[in-house]
Protein chains: 2
Amino acid sequence: MQTISREDYLKAILKIEEEAGSVSNQSLVEKLSTRPASVTNMLHTLADAGWVEHEAYKGVRLTDSGKEIALSTLRKHRLWEVFLVDKLNFSWDEVHQWAEDLEHVGDEELTNRLDAFLGHPAFDPHGDPIPTAQGQWSDGRNLIPASKAVVGDRIQLKGVVDSGEAYLQHLDRLKIELGLILVVSKSLDFDESKTLIWPDGSEASLSKQTLQNMLVEKLSRKGKE
Amino acid sequence: MQTISREDYLKAILKIEEEAGSVSNQSLVEKLSTRPASVTNMLHTLADAGWVEHEAYKGVRLTDSGKEIALSTLRKHRLWEVFLVDKLNFSWDEVHQWAEDLEHVGDEELTNRLDAFLGHPAFDPHGDPIPTAQGQWSDGRNLIPASKAVVGDRIQLKGVVDSGEAYLQHLDRLKIELGLILVVSKSLDFDESKTLIWPDGSEASLSKQTLQNMLVEKLSRKGKE
DNA sequence: AAAATATTTTAGGCAGGGCTAAAAACAAGC
DNA sequence: GCTTGTTTTTAGCCCTGCCTAAAATATTTT
């Protein structure tokens with residue numbers, strides 16, 4: 001049985017704060033696949049440590065020190081993911097679980113050396129931004145879901161909303177990977193699917209679902225990036 | 001507080017079996033810096049899992065499956081040490097603790113990829129042999145403690161008996177590292193210290209203690225390896 | 001062989017995280 | 001404003017590994 005650490009909770013709270021604004025017990029139950037009572041327990045632990053502020057029945061908020069730990073853990077996680085993909089040649093759908101373990105190893109010094117060894121990557125294998133050693137991680141990019149692209153657009157895949165194994169493997173089967181440039185050739189309004197053209201000239205139609213989870217950068221309609 | 005895992009116990013039992021032949025509760029208490037009751041507890045756990053055979057008051061012995069796990073853990077530990085030194089530029093006295101954590105991450109697949117990435121190293125940064133994926137790890141080398149070398153011998157440092165921080169840092173201060181070739185120029189029988197000559201011509205006298213912990217290969221008295 | 005010493009095991013607890021079942025608080029509907 | 005239903009918390013217990021203190025077994029000394 002894989003036990004969920006304090007850091008895992010902090011990371012989850014951080015993500016939910018961003019996605020939804022407020023963090024309920026329920027939202028943590030879902031994100032972490034655990035039970036309400038376990039969450040309540042842990043929130044007490046985290047509050048006692050000064051990492052969150054918790055008001056019974058009202059939800060939870062990261063304190064500054066909690067956020068610092070969450071970002072530092074996220075940084076380690078994403079750097080190790082880069083290591084696993086770039087150096088050990090794992091594919092992007094295989095790395096999450098190991099990174100989950102690796103993120104609990106090492107201190108700031110080790111993390112910084114790993115960062116340097118990897119060449120200070122800005123994004124992980126799923127296109128998620130890697131926080132800096134100083135805890136900065138404003139994305140800076142202006143990405144939109146591919147579902148928002150219209151006919152004629154040249155779009156480049158820069159990230160995914162869902163980095164679950166199933167979805168990533170689905171993209172693999174479609175020969176879609178980070179950096180790939182596609183052109184929207186047709187848009188079926190009734191079911192919101194779109195037909196896209198690959199650089200090699202082949203084309204295929206992607207479902208609304210698939211498109212919503214692809215984060216793309218819109219390149220100029222004809223020219224270059 | 002850093003908790004000692006089952007694998008750590010198996011590794012310790014393996015080492016003590018080799019060093020001393022039989023493994024007492026006491027020997028584990030010392031090697032793992034813990035308490036007798038904790039050891040007894042864990043030995044029950046390990047025996048229940050079928051990894052050791054334990055007879056009360058008589059000692060403990062690894063089973064085949066226990067030995068397999070111990071060797072596999074040792075392999076992971078030593079490969080990660082190579083990673084930390086070769087890739088992240090840590091020094092040989094800094095890596096043990098992190099490797100202790102890293103060895104619990106990943107499966108055989110990850111370990112084999114790490115092994116390949118590192119170029120299938122045969123020895124870790126302290127000169128200890130790295131077991132193969134098949135659990136082989138006969139050393140093959142014929143190393144002797146430097147204390148056994150006599151005047152005129154050319155010796156090359158290939159390993160250390162004690163890989164504790166203090167000893168390794170002591171060697172660092174003496175500009176002694178793995179691979180270094182020294183020549184024995186003088187031997188003081190009364191306190192068993194020896195004077196050695198470095199490749200750059202400088203010389204220094206090492207104590208019996210220091211010499212006993214250096215594992216060297218005796219090169220031909222004049223020629224090459 | 002008895003006494004004294006050393007080692008190992010049992011007994012009983014602590015802490016971290018997890019769980020179920022039941023109670024309490026909040027939110028909605030009428 | 002009361003009833004129903006959902007969410008959150010409390011209560012009580014499990015498991016792993018750790019600990020101390022005390023009892024049991026070995027070993028050594030006399």
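Here is how names work: the chains are called A, B, and so on, in the same order as the sequence lines, proteins then strands, and each is numbered from 1.
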Student: Does a salt bridge link A:E100 with A:K76, judged by any charged N lying under 4.0 Å from a carboxylate O?
Tutor: no

Student: So, A:F83 versus B:F83, ring centres under 6.0 angstrom or not?
Tutor: yes

Student: Quickly work out the B:M42 CE to D:dC19 C1' distance and round it to whole Å.
Tutor: 14 Å

Student: Indicate whether the side chain of A:D172 and that of A:S91 have a donor and an acceptor atom separated by less than 3.5 Å.
Tutor: no

Student: To the nearest Å, give me how far apart NE2 (B:H104) and C1' (D:dT16) are.
Tutor: 14 Å

Student: Calculate the interatomic distance between B:L46 atom CG and D:dC18 atom P; express it in whole Å.
Tutor: 10 Å

Student: What's the CG-P distance between A:D48 and C:dG17, to the nearest Å?
Tutor: 12 Å

Student: Produce the list of close N/O pairs, under 3.5 Å, pairing protein atoms with atoms of nucleotides 10-15 of chain D; give distances to one decimal.
Tutor:
none

Student: Not counting sequence neighbours, which residues clear side chain to side chain contact (heavy atoms under 4.5 Å, CB included) with B:T73? List them please.
Tutor: B:E7, B:K11, B:I69, B:E103

Student: Considering only nitrogen or oxygen atoms on both sides, find all protein atoms under 3.5 Å from nucleotides 3-6 of chain D and state each distance.
Tutor:
none

Student: Decide if atom CD of B:E17 counts as having more than 12 heavy atoms of other residues, nucleotides or ligands within a radius under 6.0 Å.
Tutor: yes

Student: Under a 4.0 Å heavy-atom cut-off, which of residues 11-24 of chain B touch DNA chain D?
Tutor: none

Student: Measure CG/B:N25 against P/D:dA24 and give the value in whole Å, please.
Tutor: 18 Å

Student: Under 3.5 Å, which donor-acceptor pairs link side chains of residues 54-62 of chain B to any protein atom two or more places apart or in another chain?
Tutor:
from	atom 1	to	atom 2	distance (Å)
B:R61	NH2	B:E53	OE1	2.7

Student: Should B:S38 be listed as having a side-chain N or O under 4.0 Å from OP1 or OP2 of D:dG17?
Tutor: no

Student: For A:L206 and A:M214, which heavy atoms make the closest approach, and how far apart are they?
Tutor: CD1-SD, 3.8 Å

Student: In this structure, are over 12 heavy atoms from other groups packed under 6.0 Å from B:E109 atom CD?
Tutor: yes

Student: Counting only heavy atoms not in A:K67 (residues, nucleotides, ligands), do more than 12 fall under 6.0 Å from its NZ?
Tutor: no

Student: Could you give the CG-to-P distance, from A:L28 to D:dT7, as a whole number of Å?
Tutor: 14 Å

Student: Measuring from A:I16:CD1 to A:Q26:CD, what's the distance to the nearest 0.5 Å?
Tutor: 10.5 Å

Student: Working note: A:S5 + A:D8, criterion side chain to side chain donor-acceptor pair (under 3.5 Å); need CA distance, chi angles, decisive distance, verdict.
Tutor: CA-CA 5 Å; A:S5 67; A:D8 293 332; 3.0 Å; yes

Student: Strictly below 4.0 Å: does B:T34 bring a side-chain N or O up to OP1 or OP2 of D:dC19?
Tutor: yes

Student: Where along residues 49-57 of chain A does a heavy atom fall under 4.0 Å from DNA chain D?
Tutor: A:H54, A:A56, A:Y57

Student: Verify the ring-centre separation between A:H96 and A:H126: is it less than 6.0 angstrom?
Tutor: no

Student: For A:Q26 and C:dC26, give me the distance from atom CD to atom P, rounded to whole Å.
Tutor: 17 Å

Student: May I ask you to check whether over 12 heavy atoms, not counting those of B:E177, lie within 6.0 Å of atom CD?
Tutor: no

Student: I need the CZ-P distance between A:R35 and C:dT20, as an integer number of Å.
Tutor: 5 Å

Student: Where each residue is assigned the nucleotide of DNA chain C containing its nearest heavy atom, which of A:V39 and A:K58 is assigned the position nearer the 5′ end?
Tutor: A:V39

Student: Start with the C-alpha distance between A:R75 and A:W137, add both sets of side-chain angles, then the distance that settles side-chain contact (heavy atoms from CB on, under 4.5 Å), and finish with yes or no.
Tutor: CA-CA 9 Å; A:R75 171 172 158 80; A:W137 77 315; over 6 Å; no

Student: Side chain of B:Y9 only, heavy atoms from C-beta on: which candidate in D:dC18, C:dG17, D:dC19 is closest?
Tutor: D:dC18

